[in-house]
Amino acid sequence: MSVSWWIWALLMLAIAAMLAVDLFLHRDNHVIGFREAAVWSGIWIAAGLLFGVVLWVWQGGDVAGTYYAGYLIEKALSIDNVFVFALIFTSFAVPAAFQHKVLFWGVIGALVFRLVFIFVGAELLETFFWTAYVFGAFLVWTGYKMAFRHGEQTPPERNPVVRLVRRIVPTDPAFHGDRFFTRVDGKRVATLLFVVLIAVEATDLIFAVDSVAAILAITTSTFIVWTANAFAILGLRSLYFCLAGLLRRFVHLHYGLAVLLAFAGLKLILSETPVGKLPIPVTLGVIVVTIAVSIAWSLRSTRGTASDGS
C-alpha cells in the first residue's frame, strides 16, 4: 500500500492536534476519575474505529480489515502495559495528579520509538525473507514467557535504563510538583518524576518490540502498522485510569495475550512457507475470540471480588 507524503503529514497533524487538545484539558494536573477516563477512552476508541471506516471507503475492505486486526491486537497488548504502569506508579508512590502528565509524555515517546521500529522491521521483512522466521520465533518465545513466566518482573527502580539515568543525570530523590527538572542549591537536577518518566519509556520500549512485531506479522504496510499502533496508543492513558482499579480481576488475560503473540509468530513464519498468509477474516476471528475468552474467563474466576480491594 503506497501512501503519499501529504497523507502522512495530514495524519501527523491530526494526531498532534488531538494530543494538544488532551494536554490543554489536563493542564491543571487534576486527578482523573473513572467517568472522565471512560469518556476519553470512548473518544479515542471511536477515533480508531472511525479511521478504519475511512480506510474502508478509501482502500477497500481488505485494507480496513488488516488495520482493525492490527488495532485490536495492539489494544489488547496495551492492557499489559497498564499492569506495568500501575506497578511503576505504586513503586515510586507517584501522586495521582501527576500520573497523566507522565503518561502523556510517555505516549509521545512511544509514538516516536514505534515509528522507528516499524520502518526498520518492515524493511527487514521486505528485504530478507528469513527475518520472518526470526521475528516469528521471537513472538512465539515471548508468548511462552508471558504465559508461564508472567510474574517475573524487574522492580522499576532496578531497571538498567533508570539506574543509568540516575548515574548520568544529577537527580533529586523527591517530587517537585509536576516538574521533570528543578534547581537545588543553584544546580539544575532531574526530579523523581523524570525518573518515573524514564521508567515508563524504558518499559514501553520493551513492549514496543513485541507489539510492532505482532502487527508486522499481519502486514508490512508501514502506514497500516503505524496507524494501528498510534490509534491504540493514543487511548492508553485513558485506558489506564479506567482499568487501574480493575486490573486485579484480569487474572487470566496474560494467557490470551500469550496466545495472540504465539499466533502472530506462527502466522509470520507460515507467510514464508507454501501455506502463505492467513486470510484477514481468520486473523480477526482469532484475535476477537481470544480476547473475549480470556477476559470472560478472568471475570468469571474473580466474580464477587471488589475492584477496589475492599
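Throughout, numbering of the chain's residues begins at 1 and tracks the sequence. Because only heavy atoms are used, hydrogens play no part in the values below, and waters and symmetry mates are left out as well, while side chains stay in.
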Query raised in the report: Given the side-chain rings of Y144 and W141, with only the six-membered ring counted for Trp, is the space between their centroids under 6.0 Å?
Result: yes
For D178, the salt bridge (Lys or Arg N to Asp or Glu O under 4.0 Å) test, sequence neighbours excluded, returns K101
For E74 and A232 the tightest heavy-atom approach is CG-CB, 3.2 Å
Residue pairs meeting ring pair (Phe, Tyr, Trp, His ring centres under 6.0 Å), one or both in residues 255-291, sequence neighbours left out, come to Y255-W297
When every non-hydrogen atom of L260 is compared with those of A76, the smallest separation belongs to CD1-CB, 4.1 Å
Here the gap from L197 atom CG to I88 atom CD1, rounded to the nearest 0.5 Å, amounts to 10.0 Å
Are W40 and I32 close enough, and set up right, to give a side-chain contact (heavy atoms from CB on, under 4.5 Å), and what steps lead you there? CA-CA 10 Å; W40 272 101; I32 298 177; over 6 Å; no
Could you tell me if the side chain of F92 sits less than 4.5 Å from the side chain of L193, heavy atoms only? no
In terms of the angle between their ring planes, are F194 and F181 parallel, tilted or perpendicular, with boundaries placed at 30° and 60°? tilted
Heavy atoms, side chains only, cut-off 4.5 Å: are I7 and W58 in contact? yes
Between S294 and H252 the two heavy atoms that sit nearest each other are CB-O, 4.0 Å
Practice item. For the pair W8 and W226, name the ring-plane relationship: parallel under 30°, tilted 30 to 60°, perpendicular over 60°. Key: tilted
Interatomic distance, CD1@I15 vs CD1@I108, rounded to 0.5 Å, equals 9.5 Å
To the nearest 0.5 Å, atom SG of C242 lies from atom CZ of R35 at 12.5 Å
Notebook entry, point to check: Can you tell if the side chain of T171 reaches within under 4.5 Å of the side chain of L192, non-hydrogen atoms only?
Noted result: no
| task | State yes or no: do Y67 and V54 share one hydrophobic cluster built from I, L, V, M, F, W and Y residues joined by side-chain heavy-atom distances below 4.5 Å, directly or via other members? | result | no
Value for CG (L239) from CD1 (I233), rounded to nearest 0.5 Å, stands at 12.0 Å
Rounded to the nearest 0.5 Å, the OG1 atom of T131 sits from the CD atom of E123 at a distance of 10.0 Å
dist I215:CD1 -> S221:OG (nearest 0.5 Å) comes out at 11.5 Å
*Determine whether the aromatic ring centres of Y240 and F89 lie less than 6.0 Å apart.*
yes
Residues joined to V289 in its hydrophobic cluster, side chain to side chain under 4.5 Å directly or through other members, sorted by chain and number, are V293
A137 and I269 have their tightest heavy-atom pair at N-CD1, 4.0 Å
